[in-house]
Amino acid sequence: MKVKFTLTMDNLTVNSRHYDSVVIDWTSNVAQEEVLEMSQQWMTSQNFLTTRMVGLERVGESSLTIEPVDEKTTTQNR
């Protein structure tokens with residue numbers, strides 16, 4: 001299934017530089033089980049981002065939104 005991820009991070013430090021806010025979004029084809037696993041890891045791990053992002057030292061607040069992408073709408077808009 002195709003999903004859109006939106007990662008919002010506030011009050012973060014990357015390579016010793018402070019940023020007020022960063023938003024990253026991307027789409028990916030993933031199995032439903034992968035989405036569930038990622039959601040579970042996100043909710044239970046306090047250092048989910050800092051262990052996966054090179055240079056990310058600290059994050060004040062963050063959120064991850066995962067939403068399905070309607071294949072019909074995507075195809076029609078091309």
Side-chain angles (χ1 to χ4, degrees):
M1 76 192 259
K2 191 170 195 170
V3 295
K4 178 181 178 185
F5 297 89
T6 303
L7 172 61
T8 304
M9 299 175 285
D10 295 326
N11 194 22
L12 62 152
T13 304
V14 180
N15 293 328
S16 300
R17 295 188 67 180
H18 175 77
Y19 297 89
D20 292 330
S21 183
V22 172
V23 178
I24 303 170
D25 65 17
W26 69 98
T27 57
S28 184
N29 288 314
V30 293
Q32 186 172 0
E33 296 79 25
E34 290 176 279
V35 172
L36 294 173
E37 181 180 323
M38 188 180 306
S39 297
Q40 183 66 24
Q41 288 176 353
W42 175 266
M43 291 186 288
T44 59
S45 175
Q46 289 186 349
N47 60 353
F48 183 84
L49 293 173
T50 55
T51 59
R52 287 166 177 74
M53 298 180 81
V54 175
L56 182 62
E57 299 162 5
R58 186 179 85 66
V59 178
E61 291 187 30
S62 61
S63 67
L64 178 64
T65 304
I66 304 170
E67 46 190 340
V69 175
D70 183 2
E71 294 286 343
K72 295 176 199 166
T73 303
T74 304
T75 304
Q76 290 173 356
N77 290 336
R78 289 185 184 172

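A donor-acceptor distance shorter than 3.5 angstrom exists from the side chain of E57 to the backbone of S16, with no hydrogens or angles considered. Not a single donor-acceptor pair under 3.5 Å links the side chain of Q41 to the backbone N or O of M38.
Across L56 and V14, no two heavy atoms sit closer than the pair CD1-CG2, 3.9 Å.
In this structure, N11 CG and R58 CZ are separated by 4.5 Å, a value rounded to the nearest 0.5 Å. Taken to the nearest 0.5 Å, the OG1 atom of T27 stands 8.5 Å off from the NZ atom of K4. Taking OG from S39 and CD from E34, the interatomic distance works out to 11.5 Å, rounded to the nearest 0.5 Å. Distance CE/M9 to OG1/T13: 11.5 Å, rounded to 0.5 Å.
At a threshold of 4.5 Å between non-hydrogen side-chain atoms, the residues L64 and I66 count as touching.
Under the 4.5 Å side-chain heavy-atom criterion for ILVMFWY residues, a single connected hydrophobic cluster contains both V35 and M43.
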Can T8 and S62 be said to form a side chain to side chain contact (heavy atoms under 4.5 Å, CB included), step by step? CA-CA 5 Å; T8 304; S62 61; over 6 Å; no

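The neighbour count for Q32 CD, taken as heavy atoms of other residues, nucleotides or ligands under 6.0 Å away, does not exceed 12.
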Which atom pairs, donor and acceptor, lie under 3.5 Å between side-chain atoms of residues 17-25 and protein residues at least two apart or in another chain?
residue, atom, partner, partner atom, Å
H18, NE2, D20, OD1, 3.3
S21, OG, D10, OD1, 3.0

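Ring orientation note: the planes of W42 and F48 are nearly perpendicular, at an angle over 60° on the 30°/60° scale.
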